[in-house]
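Note: hydrogens, waters and symmetry copies are ignored here, and every other heavy atom, side chains too, is used. Given the structure is predicted, the values throughout are model-derived calculations rather than measurements.
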Amino acid sequence: MSGKIVKVSGPLVVAEEPSPDAAIAGIVSVGSQKLMGEIVGISRDSAAIQVYEDTSGLRVGDEVIVEAGGEMLSVELGPGLLGNMFDGIQRPFKALQKIAGDTIQQGITFPALDRKRRWEFVPSASVGDGVTGGDIVGAVEETEGFVHKIMVPPDVSGVIRHIDFGTFTIEEPVCKVETPAGETVEITMIQKWPVRTARPVVRKFPPDTPLCTGQRTLDTLFPIAYGGAAAVTGAFGSGKTTLLQSLAKWAEADIVIYICCGERGSEMADLLTQLQEASICRTGIIANTADMPIAAREAAVYSGVTIAEYYRDMGYNTLVLTDSVTRLAEGLREISNRLGEMPGEEGYPAHLSARIAEFYERAGSVECLGGQRGSLTMIGAVSPPGGDLSEPVTQAVMRSIKAFWILDDVLACQRHFPAVEWFESYSHYIDALTPWYNSNFGTEFSTNRSRAMTMLRKAAALLQMAKRTGQREFSSEDMLMLETAQIIREDFLRQDTDEYSAYEQQAMLLSLILYYHEICADALQNGLTDVQKLFEIPARKRLGQTVASEEYHEQYRAIAEDMESEVDALIAERGGAD
């Protein structure tokens with residue numbers, strides 16, 4: 001059942017004479033400290049192990065113990081995940097701090113979920129009901145206002161012979177199911193699931209409903225669907241983490257799993273500050289910061305997506321935010337290089353694209369085993385060195401996602417948030433989501449989106465021309481085009497003060513901006529020659545004012561009416577002068 005260490009190289013340990021129980025992805029205990037490790041390579045006389053903890057102090061000759069039954073890296077699933085923070089191997093920080101202080105000690109273990117806390121279980125199934133894997137038998141209130149549904153494990157089916165109500169710990173049985181073979185299976189509120197294995201579903205649905213992020217640039221120009229996959233990329237300081245934190249706070253998802261993979265610990269502190277009490281109640285955090293073992297980055301990412309799948313199986317819309325996929329790839333590169341594998345481009349492992357695709361493939365809008373419909377949406381940050389989008393990690397991610405948001409460091413320096421570059425970013429979900437837009441907002445929404453993009457491109461071309469010839473050659477129509485494009489950039493795409501904008505509010509604001517362009521163009525057609533007066537009307541200045549979410553209907557209608565009267569007054573004044 002054991003072998004001896006013959007080599008230690010950073011997070012990689014080599015043990016000779018592996019036991020017959022040793023298997024790829026099997027969990028082992030390494031050395032006298034009993035560090036957690038995972039077998040990543042086996043030969044006739046040795047096994048390579050990536051250790052998820054600091055390997056300081058390990059010595060040649062120390063023992064490696066294979067876990068009984070060849071157990072693989074798994075996470076505990078049950079009440080208590082939300083509002084909590086775990087490291088890459090699902091050790092809870094709050095509990096560890098109480099017993100070990102502010103530093104995680106080598107070999108320290110603690111259950112991910114509280115074994116002593118009692119939960120009020122309310123059954124939803126009855127004795128005699130037939131159940132299969134994924135069926136819901138009851139619920140508990142996990143956080144304030146959030147219902148955690150207790151499900152039959154995926155590999156269990158049969159008839160309920162007993163079900164309780166009252167308060168229970170997660171390890172006490174709340175239901176007993178008799179299987180077709182006549183065996184009795186006790187259902188508790190806790191499950192374990194191997195993180196590298198996707199939880200089963202009945203089928204996947206094509207994307208048909210947009211996920212509202214509250215960010216107008218994303219929702220209107222480059223939307224993502226429930227169950228979709230997206231990436232946000234940009235140079236250092238362009239605002240990737242800030243954007244992900246805004247999504248964690250405002251995106252219209254039932255559950256948010258935030259994975260900090262190799263980023264700074266201060267960003268975790270910022271995230272906790274950003275999340276209001278209502279937001280933290282729906283959020284689970286996996287934190288493997290830059291000063292933690294690099295091998296645990298992979299474990300953190302897979303643990304986070306497995307937890308998200310668990311809540312998806314309850315019928316919820318879950319959102320996984322990964323900051324960042326680049327740091328995950330760097331962890332894969334280090335282990336691969338220490339294993340002596342043939343390197344690919346820039347030293348990354350040859351299987352990099354396959355591993356990233358495998359990760360993103362777990363996104364989707366699905367029919368769950370219990371008949372519920374849920375979704376798992378994935379958004380990851382990519383940090384290409386020097387903003388080079390041709391580097392291998394970015395290219396591998398681009399092949400696996402359908403919405404790509406590029407942040408511009410120039411916009412970021414201008415404090416334009418979110419600093420999404422609107423000419424290079426893209427979303428391939430637009431066509432699939434058009435029926436939803438037409439049903440909810442009419443065909444005007446898609447038309448306005450196309451018109452806005454056209455105006456931005458025309459304005460960019462005019463500004464390029466102005467660098468050569470100046471603006472003296474511009475017609476009044478050109479000046480109006482530049483002004484409208486500026487309104488779109490500054491008052492629609494920029495959200496420095498209004499952190500969240502509902503989809504309907506976005507549609508109304510864009511329509512209002514384009515209506516301003518239309519009535520001004522009509523005024524020019526009717527003989528108004530001083531285009532600058534159109535830019536100075538009071539209603540124009542009100543377009544950029546922050547409007548409360550409960551008041552935008554009335555205020556936008558009032559602005560439209562004032563626009564009409566103020567432009568009509570300018571036309572009448574021109575007519576009187578004639």
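In this structure, the side chain to side chain contact (heavy atoms under 4.5 Å, CB included) partners of Arg196, at least two apart in sequence or on a different chain, are Glu38, Gln50, Tyr52, Glu298, Tyr302, Arg355. Qualifying side chain to side chain contact (heavy atoms under 4.5 Å, CB included) partners for Ala198, counting only residues two or more places apart in sequence or in other chains: Glu309, Arg362. Take Gln97 and apply the side chain to side chain contact (heavy atoms under 4.5 Å, CB included) test, not counting sequence neighbours, and it matches Asp102. Applying the ring pair (Phe, Tyr, Trp, His ring centres under 6.0 Å) criterion to His428, with sequence neighbours excluded, gives Tyr426. In this view, Trp436 and Phe441, Tyr503 satisfy the ring pair (Phe, Tyr, Trp, His ring centres under 6.0 Å) rule, not counting sequence neighbours. Evaluation of the salt bridge (charged side-chain N to carboxylate O under 4.0 Å, His left out) rule for Asp496 yields Arg494 as partners, not counting sequence neighbours. For Tyr310, the ring pair (Phe, Tyr, Trp, His ring centres under 6.0 Å) partners two or more places apart in sequence, or in a different chain, are His148. Under the side chain to side chain contact (heavy atoms under 4.5 Å, CB included) criterion, Glu536 pairs with Gln532, sequence neighbours left out.
Between Arg540 and Asp491 there is a salt bridge, since at least one side-chain N of the basic residue sits less than 4.0 Å from a carboxylate O of the acidic one. The pair Arg542-Asp562 meets the salt-bridge criterion, since a charged nitrogen lies less than 4.0 angstrom from a carboxylate oxygen.
When atom types are taken as modelled, the side chain of Lys240 and the backbone of Ser383 share no donor-acceptor pair closer than 3.5 angstrom.
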What donor-acceptor contacts under 3.5 angstrom involve side-chain atoms of residues 397-406, with partners at least two apart or in another chain?
{"residue": "Arg399", "atom": "NH2", "partner": "Ser353", "partner atom": "OG", "Å": "2.8"}
{"residue": "Ser400", "atom": "OG", "partner": "Ala396", "partner atom": "O", "Å": "3.2"}
{"residue": "Trp405", "atom": "NE1", "partner": "Phe222", "partner atom": "O", "Å": "3.0"}

Compile the donor-acceptor pairs under 3.5 Å between side chains in residues 456-466 and protein atoms, sequence neighbours left out, one pair per line.
none

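For residues 203-213, the salt bridge (Lys or Arg N to Asp or Glu O under 4.0 Å) pairs, not counting sequence neighbours, are Arg203-Glu367, Lys204-Glu361, Asp208-Arg373. For residues 210-225, the side-chain hydrogen bond (donor to acceptor under 3.5 Å, both in side chains) pairs, not counting sequence neighbours, are Thr213-Asp219, Arg216-Asp498, Asp219-Gln506, Thr220-Gln506.
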